[in-house]
Amino acid sequence: SELTNRLGKAFGMAVFREDFAPNPYLPLFYGDDPTKHAFDSQMFFLTEEAKQMRPLSLKLQTDPIIHDQSLEGDRFFASILYRKMKFISKEDHATYETCYRALMRGNFLPKPDIFIAVTASEQTVVARIKERKREMELAMHARYPDYFPTIARSFNTWFKFLRRHHPVIVINTDDFDFVNSNRARDKTC
């Protein structure tokens, strides 16, 4: 989100972002039982993305935009929750995929011109979760210590795959921490 905001300001571009705050399932996913709430949480995000399609496509008719998090990224996250973490059942994942494909069929948005991959090692991700001190993330880390490392590892691998089909700029925040380093922040834009 920090990079998205900085890029939007620097280039005068409209920013469309995935807003996690109104997701009523997210605190339950992190704080209660992820196996009960992962599917509902992901479907909420997919629905929010669907709501953004019309204003996003209208804006794209006249101006470039920054979209944080892409539909492709949301889909990949849902697949991690299914395949790697086993938080989503096979049946629920099939339902998610059906909805995703239906949304994409009706989606007249062009493919992104470029993906910006913000990466970090598993150790850095866990350290930042602890630094940030968000209760629900700390609760998830305590109960499922492999959750955040699995997410980091999976996305770092996905970005390598994504490079085969799309232009991708990778920013390794282990070495370039634009959130906590003034020097790195000044170089961002």
Side-chain angles (χ1 to χ4, degrees), residues 1-8 10-20 38-39 41-88 90 92-122 124-125 146-178 184 187-189:
S1 295
E2 177 69 24
L3 179 62
T4 300
N5 293 336
R6 293 183 68 74
L7 290 173
F11 296 107
M13 299 170 97
V15 173
F16 288 78
R17 70 175 48 80
E18 181 177 73
D19 187 6
F20 66 88
F39 174 73
S41 182
Q42 287 307 116
M43 289 303 293
F44 179 90
F45 283 130
L46 189 62
T47 303
E48 290 300 301
E49 291 284 351
K51 288 181 198 174
Q52 282 189 355
M53 289 300 120
R54 180 103 173 109
L56 205 147
S57 62
L58 288 172
K59 185 67 174 166
L60 273 174
Q61 290 175 11
T62 57
D63 299 303
I65 60 124
I66 297 173
H67 190 205
D68 174 24
Q69 154 101 303
S70 70
L71 280 165
E72 295 86 351
D74 277 339
R75 180 186 192 197
F76 185 70
F77 189 79
S79 76
I80 296 168
L81 295 178
Y82 164 58
R83 289 186 174 84
K84 305 259 182 183
M85 298 305 300
K86 309 295 187 212
F87 289 167
I88 295 179
K90 179 180 179 181
D92 284 347
H93 188 258
T95 300
Y96 178 90
E97 281 293 312
T98 299
C99 292
Y100 174 85
R101 284 192 297 276
L103 176 60
M104 292 307 283
R105 270 194 303 275
N107 175 5
F108 302 106
L109 296 176
K111 294 284 181 202
D113 292 325
I114 192 161
F115 285 85
I116 299 175
V118 179
T119 65
S121 68
E122 298 167 37
T124 298
V125 167
D146 199 38
Y147 174 74
F148 291 109
T150 298
I151 299 298
R153 187 172 49 252
S154 298
F155 267 99
N156 290 345
T157 301
W158 182 62
F159 291 138
K160 290 176 188 173
F161 170 79
L162 198 59
R163 283 184 124 157
R164 294 186 215 158
H165 308 285
H166 304 281
V168 179
I169 294 173
V170 177
I171 301 173
N172 181 336
T173 63
D174 288 332
D175 305 322
F176 191 77
D177 183 357
F178 55 84
K187 289 184 177 185
T188 303
C189 298

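Computation of the quantities below employed the complete heavy-atom set of this structure, encompassing side-chain atoms and omitting hydrogens, waters and symmetry-equivalent molecules.
Annotation for Ala50 and Leu103: closest pair CB-CD1, 3.6 Å, computed over non-hydrogen atoms. Leu46 approaches Cys99 most closely through the heavy-atom pair CD2-CB, 3.8 Å. In plain terms, the two heavy atoms of Tyr96 and Gln42 that are nearest each other are CE1-O, 3.8 Å. Looking at every heavy atom in both residues, Ile151 comes nearest to Phe77 through CD1-CE1, 3.5 Å. Closest heavy-atom contact between Asn172 and Thr119: CA-OG1, 3.4 Å. Between Val125 and Ala152, the shortest heavy-atom contact is CG2-CB, 3.7 Å.
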Check: Could you walk me through whether Met43 and Phe39 pass the side-chain contact (heavy atoms from CB on, under 4.5 Å) check?
Finding: CA-CA 6 Å; Met43 289 303 293; Phe39 174 73; 3.4 Å; yes
Checklist line | side-chain contact (heavy atoms from CB on, under 4.5 Å) between Val15 and Ile65, intermediate numbers included | finding: CA-CA 6 Å; Val15 173; Ile65 60 124; over 6 Å; no
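Ser41 places no side-chain N or O within donor-acceptor distance of the main-chain N or O of Ala38, the cut-off being under 3.5 Å. Judged by distance alone, the side chain of Lys84 and the main-chain N or O of Leu81 form no donor-acceptor pair under 3.5 Å. Not a single donor-acceptor pair under 3.5 Å links the side chain of Asp92 to the backbone N or O of Ile88. Judged by distance alone, with hydrogens and angles left aside, the side-chain atoms of Gln52 form a donor-acceptor pair with the main-chain N or O of Arg17 at under 3.5 Å.
Residues His166 and Ile114 have side chains not in contact (no heavy-atom distance under 4.5 Å, counting atoms from C-beta outward). Side-chain contact check for Ile66 versus Phe16: every heavy-atom pair is 4.5 Å or farther apart. By the 4.5 Å heavy-atom criterion applied to side chains, Ile171 and Thr173 are counted as neighbours. Put simply, the side chain of Ser154 does not reach to within 4.5 Å of the side chain of Arg83, judged on heavy atoms. For the pair Leu7 and Met13, the minimum side-chain heavy-atom distance is 4.5 Å or more. Residues Tyr147 and Phe87 meet the side-chain proximity criterion, which asks for heavy atoms closer than 4.5 Å. In this structure the side chain of Phe11 never reaches within 4.5 angstrom of the side chain of Pro64, judged on heavy atoms.
Residues satisfying the side-chain hydrogen bond (donor to acceptor under 3.5 Å, both in side chains) test with Glu97, not counting sequence neighbours, are Arg75, Arg101. Residues satisfying the side chain to side chain contact (heavy atoms under 4.5 Å, CB included) criterion with Asp146, sequence neighbours excluded, are Pro149, Thr150, Arg153. Partners of His93 under the ring pair (Phe, Tyr, Trp, His ring centres under 6.0 Å) rule, at least two apart in sequence or in another chain, are Tyr82. Not counting sequence neighbours, the partners of Lys51 by the side-chain hydrogen bond (donor to acceptor under 3.5 Å, both in side chains) test are Glu48. Here Asp68 pairs with Thr4 under the side-chain hydrogen bond (donor to acceptor under 3.5 Å, both in side chains) rule; sequence neighbours left out.
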Under 3.5 Å donor-acceptor pairs involving side-chain atoms of residues 158-165, not counting sequence neighbours:
none

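With no hydrogens or angles considered, a side-chain donor-acceptor pair links Thr124 and Ser121 at under 3.5 Å.
Atom CG of Asp63 sits in a crowded spot, with more than 12 heavy atoms from other residues, nucleotides or ligands closer than 6.0 Å.
Atom-to-atom distance recorded for His67:NE2 and Leu56:CG is 5.5 Å, nearest 0.5 angstrom.
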